[in-house]
Amino acid sequence: MSGYDPKAIERKWQQVWAEEKTWEVANPGQPGYEAAKPKSYVLEMLPYPSGEPHVGHLKTYAVGDAIAHFRRRHGFEVIHPMGYDSFGLPAENNAIKTGEPPRAATERSIESFRRQFREWGISIDWSRELATHTPEYYRWTQWIFLRLFEHGLAYRTEAPVQWCPKDATVLANEQVVDGRCERCGTEVVQRKLKQWFFKITDYAERLLADFDRLETWPEHVITMQRNWIGRSEGAEVVFRCEEVGVDFPVFTTRPDTLFGATFFVLAPEYPALDRLVAGTPAEDAVREYVAKAARESAEDRGAEGREKTGVSLGRSVVNPVNGEEIPMFVADYVLMEYGTGAIMAVPGHDERDYAFAKSFNLPIRRVIEGSDPETARDDEGLPYPGDGPMTGSGRFDGKGNRDAYEEIVAWLAEEGRGKTSVNYRLRDWLVSRQRYWGAPIPVVYCEQCGIVPVPDDQLPVELPEVDDYAPQGKSPLAAAEEWVATECPRCGKPARRETDTMDTFVDSSWYFIRYLDPRNEGAPWDRDAADHWLPVDQYIGGVEHAILHLMYARFFAKALADVGVLGVQEPFANLFAQGMITRDGAKMSKSRGNTVSPAEYVERYGADTARTYICFMGPPERDADWADEGVEGVNRFLSRLWRLCEEVEPMSAAELDPAAVRGDARTLLAKAHWAIDKASRDFQRGFQFNTVIAAVMELVNDAYRLKDGLYAEAEGVAAVRFATATAASLIFPFAPHLGAEIWERLNGTRLWEQAWPEADAELLSTDSVTLVVQVNGKLRDRIEAAADAPREELLRLARESEKVTRFLDGKEVVKEVVVPGKLVNLVVR
RNA sequence: GCGGGCGUGAUGAAAUUGGUAAACAUGCUGGCUUUAGGUGCCAGUGCUCGAAAGAGCUUGGGGGUUCGAGUCCCUCCGCCCGCACCA
């Protein structure tokens with residue numbers, strides 16, 4: 001025996017698949033298009049090519065590839081493409097450090113990723129490969145930008161934005177975590193800058209509503225997005241400052257507490273603030289407070305348990321429900337980004353307002369009775385956030401606060417002082433970056449015409465070569481004078497190009513559509529091709545993209561549908577969020593020195609072992625810790641399967657008649673069909689690959705136990721052959737090279753062209769079954785009985801058992817429970 | 001604080017509708033093969049008592065429903081993830 005040689009086997013099949021372009025599929029209307037087959041779009045999130053792929057990538061593509069293979073063998077025409085999210089900061093930061101242009105380093109990484117994906121044997125349609133940093137791709141990223149611009153969905157405005165001093169760029173809200181840059185961990189600061197935004201807030205409602213259109217998404221991902229969008233219902237109520245004649249609308253979720261408002265607060269960034277205090281005694285104090293707030297980081301401002309600070313404005317507003325004048329303050333616990341940047345403060349029923357009122361000695365008033373009868377009406381139980389009857393609220397007294405809520409809003413609306421309102425936490429998506437390595441924003445600034453979009457026929461706006469990649473507070477593109485200086489496409493006069501580039505999340509928000517028609521030079525995609533393949537039937541990736549990428553891509557699909565170039569509202573019908581692979585219980589990182597290099601394991605054990613191990617570690621959605629012993633265990637199993645094949649291959653076998661087979665041959669055959677059944681069900685039940693593989697292991701174990709006896713007869717040999725080929729067939733989605741090799745040796749055909757096996761119901765059922773006998777729910781014996789034995793027969797057998805009678809002696813059986821095929825339970829007293 | 005997830009042997013984990021807890025794998029122990037080591041094959045391995053037969057106990061803790069609970073209900077504890085001065 002020559003032993004399991006994964007290297008030789010894997011090289012052989014990878015060559016076959018590459019030469020024959022096995023995994024390529026054609027679009028409708030193209031030669032080779034399979035009209036009869038239902039389509040299935042299986043997609044893993046595209047990798048950011050940096051250095052070498054890591055085990056996280058291996059897991060994503062091992063899981064996705066298993067699904068792709070499974071679907072193909074169920075008769076689907078599976079499209080399974082691959083590409084690279086190749087614009088981005090790491091390559092650029094590397095360029096700043098080493099001087100090597102980002103393009104060179106990126107293309108080297110792509111090369112390495114491509115090679116390893118091939119070595120892993122992933123069944124990719126390479127004819128559709130793309131990279132987002134190529135002009136052929138970002139030309140269409142720019143094209144999409146222009147369409148959004150035309151539809152008012154891309155706009156430029158000056159706004160306070162989050163600036164990362166280290167990466168020297170602004171960031172989207174989603175890319176700031178706890179006041180720090182999501183990428184490098186540096187504290188962000190606020191700056192006021194003119195920036196490009198996408199109007200994702202217009203889509204807040206649809207992004208929420210269309211969760212209903214999704215088939216299978218993990219509940220927690222939906223929840224995270226729902227929280228992020230942060231819809232809250234309430235009312236907008238207008239308070240007026242008579243002294244200066246300005247209206248201050250506020251958003252509140254508690255209009256029922258309006259009578260309890262005892263003061264009013266503006267955010268430090270509130271635009272009308274200057275005007276309010278100019279020339280008043282409060283001016284200096286307010287200016288100072290605002291300046292101090294501006295200096296503080298977002299993280300410090302949001303710190304937990306922070307003392308409430310603020311300054312009185314010396315002005316007041318009128319509460320529209322009772323005409324009362326209440327004092328105005330500026331305080332940093334009110335955020336300009338949320339609501340209207342102003343609040344009515346109800347210290348009796350809001351904790352934050354309560355804390356502020358305590359510090360500033362402001363009145364605290366109860367307007368809703370508490371639930372505790374002892375303190376329902378006095379000030380002991382304040383602040384009280386719950387429900388109850390209204391009090392101190394004029395004509396609403398005695399009503400439940402929920403009813404009063406509706407009536408107060410209706411009344412305000414009549415008076416023109418308020419209306420129902422819905423507020424979102426979601427902000428518009430800030431897409432400009434003051435960095436080099438991204439798609440240039442395709443607009444031109446003309447003194448005469450203003451912002452002028454670059455015409456479609458002048459795309460792509462190519463990224464110019466520059467000498468210095470280091471950002472100087474503005475994009476390195478600004479230094480490319482020749483490139484910046486252009487002429488206005490509208491009037492022909494000298495004009496300047498936009499020097500910011502687009503957030504890389506823009507690139508990855510539509511790549512899955514480009515795959516469908518990747519070489520199209522006249523359009524981003526052919527509409528028929530997109531309509532045919534979309535939506536993605538199964539999307540696979542890490543949960544770290546739950547909000548950013550997945551929400552942006554959902555927004556893009558809707559926006560593109562509105563633009564009229566796409567036919568789906570939701571790009572990803574089913575999402576599978578895989579768990580992380582850890583080492584020694586910790587996230588892998590270079591600084592920790594606990595990384596696992598897939599290449600090393602592929603070299604030592606082969607890709608089949610590495611892939612199968614990853615799928616065997618546990619349910620793929622769960623985090624799992626890498627263990628070298630586990631890899632060896634899986635390698636041992638694949639070797640066992642291989643040796644079984646080598647052993648039976650040369651033996652002569654008889655034709656098998658499943659109906660006539662008896663004895664061990666039948667036992668093994670039945671086991672094979674059990675494995676088919678189990679594997680098929682578990683595969684579909686949430687991709688429980690670990691138990692699929694365990695079932696194949698059981699089959700191989702049984703074959704080993706029975707084979708020596710079976711080899712005596714040609715029928716027995718046939719049974720072992722069948723078990724071996726079945727094991728190869730079932731393990732194929734995880735170990736495609738080994739599966740294909742064994743199948744070819746035993747059956748002479750190509751495994752991936754064979755339909756997924758179906759279990760023979762005849763062989764799944766057995767004549768006799770083992771039943772458990774319990775007395776008072778405790779296991780006492782097991783009995784063999786005919787599968788169709790009647791209840792009386794089962795009870796007789798159970799009572800006859802010696803092990804059972806011991807527990808029945810001197811007792812009275814008060815109840816007999818019989819579950820056919822499972823158990824008998826005798827209840828005694 | 002709000003939302004979501006999880007808690008089962010020495011370890012990774014199984015357990016379709018409530019019906020044999022611990023499949024499969026790792027690790028460990030023993031046997032066979034081998035000059036030896038490794039590999040390979042076979043067997044054993046939840047805990048306690050017991051020489052054994054056997055008995056009792058066991059799914060984070062406590063309680064409940066049921067003939068029967070890892071699974072359903074209540075309650076408490078612990079860990080992980082997301083959001084968080086969001087009006």
Side-chain angles (χ1 to χ4, degrees), chain A residues 1 3 177-178 218-228 230-232 234 250-254 257 265 267 301-306 308 331-335 337-346 349-353 355-356 385 423-426 543-544 546-547 579-580 613 616-619 621-634 636-637 639-640 643 678 681-682 685 688 690-698 700-701 704-705 708 770-782 803 806 813-819 821-828:
Chain A
M1 264 185 230
V177 178
D178 293 334
E219 203 48 53
H220 66 279
V221 173
I222 293 179
T223 305
M224 280 163 71
Q225 286 200 13
R226 193 168 269 139
N227 288 345
W228 187 265
R231 180 183 201 273
S232 68
V250 300
F251 173 76
T252 176
T253 53
R254 296 296 304 275
T257 63
V265 189
R301 257 183 84 167
E304 203 173 334
R306 193 167 182 261
K308 293 271 179 294
D332 67 3
Y333 81 95
V334 174
L335 310 173
E337 310 91 79
Y338 189 77
T340 62
I343 62 158
M344 64 168 200
V346 184
H349 301 277
D350 180 283
E351 244 174 79
R352 298 150 302 174
D353 298 344
F356 190 87
N423 201 50
Y424 301 92
R425 207 184 76 108
L426 182 70
V543 74
E544 63 273 17
I547 295 176
M580 222 181 11
Y613 169 62
F616 185 63
M617 290 171 89
E621 70 275 14
R622 219 184 289 179
D623 289 351
D625 206 57
W626 186 273
D628 285 349
E629 303 80 39
V631 184
E632 277 172 33
V634 166
R636 205 170 300 162
F637 157 66
S639 305
R640 252 161 96 77
R643 287 195 305 272
K678 168 94 178 144
R681 275 182 298 121
D682 287 357
R685 196 158 54 102
Q688 272 194 42
N690 53 330
T691 56
V692 171
I693 294 164
V696 184
M697 286 172 168
E698 281 196 55
V700 172
N701 287 346
Y704 265 79
R705 271 191 283 271
D708 290 339
T770 306
L771 284 96
V772 167
V773 183
Q774 297 178 335
V775 178
N776 283 353
K778 284 202 171 129
L779 174 70
R780 294 305 176 191
D781 198 10
R782 292 161 214 272
K803 289 175 181 167
R806 271 197 300 185
V813 176
V814 294
K815 186 163 185 175
E816 295 160 330
V817 181
V818 179
V819 183
K822 297 267 184 187
L823 59 70
V824 174
N825 186 14
L826 303 171
V827 184
V828 300

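Values below: all heavy atoms of this structure, side chains included; hydrogens, waters and symmetry mates excluded. Here is how names work: the chains are called A, B, and so on, in the same order as the sequence lines, proteins then strands, and each is numbered from 1.
- In this structure, CZ of A/F616 is placed 13 Å from C1' of B/U11, rounded to the nearest angstrom.
- Nearest nucleotide to the side chain of A/W228, out of B/C83, B/A55, B/G68: B/C83.
- Taking every side-chain heavy atom of A/Q688 into account, B/A15 is the closest of B/C85, B/G19, B/A15.
- Between B/C2 and A/N227, no contact under 4.0 Å exists linking OP1 or OP2 to a side-chain N or O.
- Both key distances under 3.5 Å define a Watson-Crick or G-U pair, and stretches of 3 or more such consecutive pairs in RNA chain B run B:1-7 with B:77-83, B:10-12 with B:24-26, B:27-32 with B:40-45, B:46-49 with B:54-57, B:60-64 with B:72-76.
- Distances shown here put every side-chain N or O of A/K678 at or beyond 4.0 Å from the OP1 or OP2 atom of B/C24.
- OP1 or OP2 of B/G4 has not a single side-chain nitrogen or oxygen of A/Q225 nearer than 4.0 Å.
- In this structure, the CG atom of A/L426 is 14 Å from the P atom of B/C83, given to the nearest Å.
- Relative to the side chain of A/T252, the nucleotides B/A13, B/A87, B/C24 differ in distance, and B/A87 lies closest.
- One side chain, A/N701 or A/R640, offers a donor N or O that lies under 3.5 Å from an acceptor on the other.
- Nucleotides B/G30 and B/G37 have their P atoms positioned 13 Å apart, rounded to a whole Å.
- On the C1' atoms, B/G70 is 14 Å away from B/A13, given to the nearest whole Å.
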### Message
Please determine whether side-chain contact (heavy atoms from CB on, under 4.5 Å) holds for the pair A/V813 and A/V828, giving the CA-CA distance in whole Å, both sets of side-chain angles, and the decisive distance to 0.1 Å.
### Response
CA-CA 4 Å; A/V813 176; A/V828 300; 3.8 Å; yes

### Query
Nucleotide by nucleotide, 5' to 3', does protein get under 4.0 Å of the base (B), only the sugar-phosphate (S), or neither (-) in nucleotides 41-51 of chain B, counting heavy atoms?
SSS--------

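- Evaluation of the salt bridge (charged side-chain N to carboxylate O under 4.0 Å, His left out) rule for A/D628 yields A/R583 as partners, not counting sequence neighbours.
- Under 4.0 angstrom from either OP1 or OP2 of B/C24 there lies no side-chain N or O belonging to A/T691.
- In this structure, the nucleotide among B/A14, B/G54, B/G19 sitting nearest to the side chain of A/R806 is B/G54.
- Protein atom CD of A/E698 is 8 Å distant from nucleotide atom P of B/A25, rounded to whole Å.
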### Task
With side-chain contact (heavy atoms from CB on, under 4.5 Å) as the test, would you mind laying out the steps for A/D350 and A/I343 before giving the verdict?
CA-CA 12 Å; A/D350 180 283; A/I343 62 158; over 6 Å; no

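- Checking the phosphate oxygens (OP1, OP2) of B/A84, a side-chain nitrogen or oxygen of A/R425 falls inside 4.0 Å.
- Residues that satisfy the salt bridge (charged side-chain N to carboxylate O under 4.0 Å, His left out) test with A/E632, not counting sequence neighbours, are absent from this structure.
- With both ends at atom P, the span from B/G19 to B/A25 equals 25 Å, rounded to whole Å.
- Between A/F356 and A/Y333, the ring planes lie tilted relative to each other; the angle falls in the 30° to 60° range.
- If you run side-chain contact (heavy atoms from CB on, under 4.5 Å) between A/L779 and each of A/V772, A/L823, A/N825, A/V773, only A/V772 comes through.
- Look at B/G44: its glycosidic torsion is beyond 90° from 0, and that puts it in the anti range.
- Residues forming a salt bridge (charged side-chain N to carboxylate O under 4.0 Å, His left out) with A/R806 (at least two apart in sequence, or on another chain): none.
- Within 4.0 Å of A/V772, counting heavy atoms only, lies at least one base atom of the nucleic acid.
- Spacing of P atoms, B/A14 relative to B/G50, comes out at 36 Å, to the nearest Å.
- In this structure, OG1 in A/T252 is found 10.5 Å from CG in A/N423, a value given to the nearest 0.5 Å.
- At whole-Å resolution of the value, CD1 in A/I693 and C1' in B/C24 are 10 Å apart.
- B/C83 and B/A21 have their P atoms separated by 43 Å, with the value rounded to a whole Å.
- For CD of A/E351, the number of neighbouring non-hydrogen atoms (other residues, nucleotides, ligands) closer than 6.0 Å is 12 at most.
- Straight-line distance from the OH atom of A/Y613 to the C1' atom of B/G12: 7 Å, rounded to whole Å.
- The same atom, C1', is picked in B/U17 and in B/C24; the two are 24 Å apart, to the nearest Å.
- Within 4.0 Å of A/N690, counting heavy atoms only, lie sugar-phosphate atoms of the nucleic acid but no base atom.
- Regarding A/R780, its CZ atom lies at a distance of 14 Å from the P atom of B/G68, rounded to whole Å.
- Between the P atoms of B/C67 and B/G18, the separation comes to 16 Å (whole Å).
- Residue contacts for A/G633: at a heavy-atom cut-off of 4.0 Å it reaches the sugar-phosphate backbone alone, with no base atom in range.
- Within the 4.0 Å cut-off from OP1 or OP2 of B/C67, at least one side-chain nitrogen or oxygen of A/K815 is found.
- In this structure, A/N776 places its CG atom 8 Å from C1' of B/C67, rounding to the nearest Å.
- Residues passing the salt bridge (charged side-chain N to carboxylate O under 4.0 Å, His left out) test with A/K308: none are found, sequence neighbours excluded.
- Nucleic acid contact for A/V334: base, since at least one base atom lies under 4.0 Å from a heavy atom of the residue.
- Atom CZ in A/R685 sits 6.0 Å away from atom NZ in A/K678 (nearest 0.5 Å).
- Among the nucleotides B/C67, B/G3, B/A87, the one closest to any side-chain atom of A/V817 is B/C67.
- As a whole-Å value, the separation of A/D682 CG from B/C24 C1' is 12 Å.
- Look at the P atom in both B/C80 and B/U8: the space between them is 15 Å, to the nearest Å.
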